[in-house]
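Below is one structure, written out as structure tokens; the observations come after it.
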Number of protein chains: 2
Amino acid sequence: MSNLENKYTNLSVDCVIFGYRNEQLNVLLIKRKGSENFSKEQYALPGDLLDKKDSLDEAAEKILFNLTHFKGIYLEQFYTFGAPRRVSNKADREWLKASRKIPGERVITVAYFALVKVEDYSADYRSNDGEISWTPINEIPQLTFDHNQIVEKAHAYLRANLIDKQIGFELLPEKFTLSELQSFYETILNVAYDKRNFRKNIKSQTFIKKLDEKVEGQAHRPARLYTYEPDKQ
Amino acid sequence: MSNLENKYTNLSVDCVIFGYRNEQLNVLLIKRKGSENFSKEQYALPGDLLDKKDSLDEAAEKILFNLTHFKGIYLEQFYTFGAPRRVSNKADREWLKASRKIPGERVITVAYFALVKVEDYSADYRSNDGEISWTPINEIPQLTFDHNQIVEKAHAYLRANLIDKQIGFELLPEKFTLSELQSFYETILNVAYDKRNFRKNIKSQTFIKKLDEKVEGQAHRPARLYTYEPDKQ
DNA sequence: TCAAAAGTGTTGCATCTACACCCATGG
DNA sequence: CCATGGGTGTAGATGCAACACTTTTGA
């Protein structure tokens with residue numbers, strides 16, 4: 001990380017990075033170990049102070065690249081959080097102090113929303129801030145600052161745009177069966193679809209292509225694989 | 001306005017304030033007169049540097065209140081703009097200098113989106129920055145900084161959410177005829193609806209109430225008035 | 001041959017679209 | 001009595017929801 005002179009001390013960019021694994025929606029969190037400066041373990045969203053020479057989008061890309069070493073990941077700004085008393089509790093202030101940011105100073109966060117295919121994601125990389133790990137959306141612990149609220153808003157945004165913006169395919173593997181796709185939508189939207197109606201619906205979408213491949217090695221009828229190909233213009 | 005010590009010098013809040021009049025969508029712009037410090041007239045969105053003690057929402061409310069002296073107006077944050085070279089052209093830098101903000105410094109803008117009923121709005125108030133005036137959306141001149149881009153994004157946001165979020169009624173007068181409502185949607189969404197189908201549709205919406213009142217004094221059959229009453233919970 | 005998931009159609013109901021004429025008023 | 005915009009219904013097409021059995025594979 002560059003030194004403080006190049007940073008806006010009160011403006012940070014944080015990312016809610018979603019992945020889908022074990023039939024669950026997961027979020028990438030950073031776990032900061034306890035130390036002499038601040039007692040408890042803390043969980044937070046990946047983020048950093050904004051570098052003066054970066055655009056907001058570039059800052060978010062850098063955060064993402066530092067964690068996953070991937071580029072070209074789906075990334076979108078979704079909201080900016082800035083209540084004056086965001087940085088209020090003691091543990092948060094201790095951490096700000098320990099990490100040489102300005103304690104007691106209000107932090108304004110431009111929040112981004114990223115979608116990654118977990119099977120492409122190499123878990124070897126570590127943040128400078130601490131260990132990173134996938135956490136199922138409904139097992140998220142208390143996070144620093146107002147990060148829980150940020151995750152909540154990102155989650156709402158994901159659900160609201162999952163179908164219309166076709167962003168679900170950023171989370172799914174390249175090839176998937178229709179049963180996987182159905183279960184994916186059902187999990188994230190918390191609904192149930194009728195199997196036949198779901199398939200009828202999907203097959204009427206031009207951007208889902210049937211492949212000449214089937215899943216192998218299962219003790220039942222093999223499922224046909226499909227892939228996502230966005231429509232031109 | 002408070003003095004500079006209380007402000008974040010690089011973080012501003014700007015508002016795109018929409019109104020509907022003369023069958024057109026309008027935006028409230030500020031016109032700054034030419035002076036010895038900067039030559040041309042300039043048009044800009046109402047906005048201000050963020051006060052350290054305000055939340056983002058409060059800052060937007062203040063900007064709005066200073067212009068319209070109204071509270072309780074529909075207001076929503078919609079995007080944050082922050083490319084490093086936003087403040088690049090000469091006239092913009094001259095104005096920044098003249099208005100004692102920091103020249104050459106990047107400005108990050110949290111943009112808000114407001115909807116007002118123009119007939120409630122008293123045009124007597126003036127900004128400290130200059131004259132304010134309603135400008136039809138398709139007659140907007142070149143604005144300072146990237147404000148044209150901000151208006152464009154706000155406009156897209158309005159169209160995308162006009163129906164689902166029922167926000168159109170924030171722009172319309174309390175009482176309206178179905179023909180007015182139809183023409184309003186058609187103007188903003190740039191579509192055409194069939195009159196009978198439109199009315200059938202509207203009448204199936206629970207939040208539109210028929211009044212016992214009619215328009216008077218027109219040289220044709222008087223139109224029934226309707227009003228908007230959001231559904232409970 | 002059994003277990004387990006894949007795959008497949010039809011029917012009724014609700015919703016959307018297209019379309020043309022009479023009504024109430026002021027001038 | 002005329003001009004002007006207000007107001008109304010029906011029929012066909014399309015889209016959505018409900019529902020159960022056969023197929024293919026590995027063990």
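Lettering follows sequence order; numbering is per chain, from 1.
Shown here for A:V151 and A:L45, the closest heavy-atom pair between the two residues is CG2-CD2, 3.8 Å.
Between the side chain of B:T227 and the backbone N or O of B:E174, at least one donor-acceptor pair lies under 3.5 Å.
For A:Y79 and A:F113, the gap between ring centers reaches or exceeds 6.0 Å.
Taking every nucleotide of DNA chain C with any atom under 4.0 Å from a non-hydrogen atom of chain B, the first and last of them, 5' to 3', are C:dT17 to C:dG26.
Residue B:T177 is classed as having no contact, given no heavy-atom separation below 4.0 Å to the nucleic acid. A:R199 comes within 4.0 angstrom of a nucleotide base, judged by non-hydrogen atoms across all strands.
To the nearest angstrom, P of D:dG6 lies 12 Å from NZ of B:K203.
Under a cut-off of 6.0 angstrom, the local environment of CG in B:N138 is crowded, with over 12 non-hydrogen atoms contributed by other residues, nucleotides or ligands.
A salt bridge does not link A:D48 with A:K62: every distance from a Lys NZ or Arg NE/NH1/NH2 to an Asp or Glu carboxylate oxygen is 4.0 Å or more. By the 4.0 Å N-to-carboxylate-O rule, A:E152 lies close enough to A:R159 to be salt-bridged with it.
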What string of B, S and - do you get for nucleotides 19-27 of chain D 5' to 3' if you count protein non-hydrogen atoms under 4.0 Å? BB--BBBS-
Evaluate A:Y228 against A:F207 for ring pair (Phe, Tyr, Trp, His ring centres under 6.0 Å), listing each step before the verdict. CA-CA 6 Å; A:Y228 170 69; A:F207 49 80; 5.7 Å; yes
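Side-chain contact between A:Y20 and A:T187: present, with at least one pair of heavy atoms (C-beta onward) separated by less than 4.5 Å.
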